[in-house]
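Below, chains carry the letters A, B, ... as their sequence lines are ordered, and counting in each starts from 1. Side chains are part of it too, since the values below use all heavy atoms of this structure and drop only hydrogens, waters and symmetry mates.
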Number of protein chains: 2
Amino acid sequence: MSNAKLYKGSLSTIILKLLAEGDKMYGYEITQKVKKMTQGELKITEGALYPALHKLEADGLLDVEVKKVDNRLRKYYKLTEKGTKESINKLAELERFIETIQGIVNPKPSLG
Amino acid sequence: MSNAKLYKGSLSTIILKLLAEGDKMYGYEITQKVKKMTQGELKITEGALYPALHKLEADGLLDVEVKKVDNRLRKYYKLTEKGTKESINKLAELERFIETIQGIVNPKPSLG
DNA sequence: TTTGATGCATAAGAAAATTAGGTATATTTG
DNA sequence: CAAATATACCTAATTTTCTTATGCATCAAA
């Protein structure tokens, strides 16, 4: 279930971003959505996802709601107020990181 | 010596990229160059840098040459042939990773 | 009926950082 | 002159964050 090795540290940001879109989501749904959005490039492993979700919940960024659908359990997660704020921060941080990396990979001569 | 926290996994790629520019470099020089190129955004810690350099050397991607300048030791690193190839691969991988992340952070509606 | 998809979970291990030291020389600054 | 800062290397302990490998359960499809 894995592929890209470089996304270390960005998983929680990805989760927060998806949930900031509006709707609550459950774990499996997140893996499938990311897979689809990235054309299969990024396959989030369950061993990474569930601990990450639990940590975000423990940190007060997510609320959980358990539902039974088709006789199967789903744990729906949504952002708390704190989570909404944090998603904005994390997104900005990730975007700044990308710009920073771009500054190295594709530098402007004046700074190289 | 640290600041931006999201670059896990990209350090060796950064090192290879800088050395692919042409000139040999020594460790301290790399930290200073990255700091300058990123306007202080990315400060590579020595605890990360030196083990990374040693691993790249052990993997046959870098060659070392020790010099004494102003009565201080410098270990100059340069790419081996293998390292040159690997730098190209790693760079491409990093760029694909960035595109993938962009696809999530700034998705096209058709895939969202 | 057995494989694959859906849906959750955890434990052991690896990778890659941070943090916090250590050593030494040279320069700057109060 | 003494102390702080910059230059230059290093490593060990710890933490974070994954991967890999499981386990359990339901349901659909082959």
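Here the C1' atom of nucleotide C:dG7 and the CD atom of A:Glu29 are 12 Å apart, to the nearest Å. Nucleotide C:dA16 holds its P atom 12 Å from the CD1 atom of B:Ile15, rounded to whole Å. The NZ atom of A:Lys90 sits 11 Å away from the C1' atom of D:dT17 (whole-angstrom rounding). Put simply, CZ on B:Phe97 is 10 Å from P on D:dC18, counting in whole angstrom units. What separates CD1 of A:Ile30 from P of C:dT6 is a distance of 15 Å, to the nearest Å. Between A:Tyr28 atom OH and D:dT26 atom C1' there is a gap of 13 Å when expressed in whole angstrom units. Atom pair A:Leu73:CG and D:dA25:P shows a separation of 13 Å (rounding to whole Å applied). Atom P of nucleotide D:dT22 and atom CG of A:Leu49 are separated by 21 Å, given to the nearest angstrom.
B:Lys68 contributes atom NZ, which lies 13.0 Å from atom CZ of B:Arg74 (distance to the nearest 0.5 angstrom).
For the pair A:Lys24 and A:Tyr76, the cation sits on the ring face: its NZ or CZ lies under 6.0 Å from the ring centre, inside 45° of the axis.
Contact annotation: A:Lys68 side-chain N/O to C:dG7 OP1/OP2 distance is not under 4.0 Å. Between B:His54 and D:dT11 there is a side-chain N or O to OP1 or OP2 distance below 4.0 Å. Put simply, A:Tyr50 has no side-chain N or O that comes within less than 4.0 Å of OP1 or OP2 on C:dA9. Residue A:Tyr26 places at least one side-chain N or O closer than 4.0 Å to OP1 or OP2 of C:dG7.
Between A:Thr13 and B:Ile101 there is no side-chain heavy-atom pair separated by less than 4.5 Å.
Across the interface with DNA chain D, nearest-nucleotide mapping of B:Lys75 and A:Ser12 shows B:Lys75 to be the residue nearer the 5′ end. The residue among A:Gly47 and A:Val69 whose nearest nucleotide of DNA chain C lies closer to the 5′ end is A:Val69.
Counting only N and O atoms by type, the side chains of A:Ser87 and A:Lys17 include no donor and acceptor under 3.5 Å apart.
Transitive grouping of hydrophobic side chains (ILVMFWY, heavy atoms separated by less than 4.5 Å) keeps B:Val64 and B:Leu73 in distinct clusters.
The side chain of A:Arg74 sits closest to C:dG7 out of C:dG7, D:dT7, C:dA17. Nearest to the side chain of B:Tyr77, among D:dC18, C:dA16, D:dC10, sits D:dC10.
Of all the heavy atoms in B:Glu46 and B:Pro51, the pair that sits closest is O-CD, 3.7 Å. The minimum heavy-atom distance between B:Lys75 and B:Val66, with the atom names listed, is CG-CG2, 4.0 Å. Minimum heavy-atom separation, B:Leu94 to B:Ser10: CD1-CB, 4.5 Å.
Within the nucleic acid shown, A:Gly27 comes within 4.0 Å of sugar-phosphate atoms alone, with no base atom in reach, counting heavy atoms only.
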What's touching nucleotides 23-25 of chain C from the protein side, N or O pairs under 3.5 Å?
residue: C:dT25; atom: O3'; partner: B:Asn71; partner atom: ND2; Å: 3.4
residue: C:dT25; atom: O2; partner: B:Arg72; partner atom: NE; Å: 3.1

Find every protein N or O atom lying less than 3.5 Å from an N or O atom of nucleotides 3-5 of chain D, and list the pairs.
none

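Residues in residues 50-60 of chain B take part in these salt bridge (Lys or Arg N to Asp or Glu O under 4.0 Å) pairs, two or more places apart or across chains: B:Lys55-B:Asp59.
The residue from B:Leu49, B:Leu79, B:Val34, B:Ile44 that alone fulfils the side-chain contact (heavy atoms from CB on, under 4.5 Å) condition with B:Ile15 is B:Leu49.
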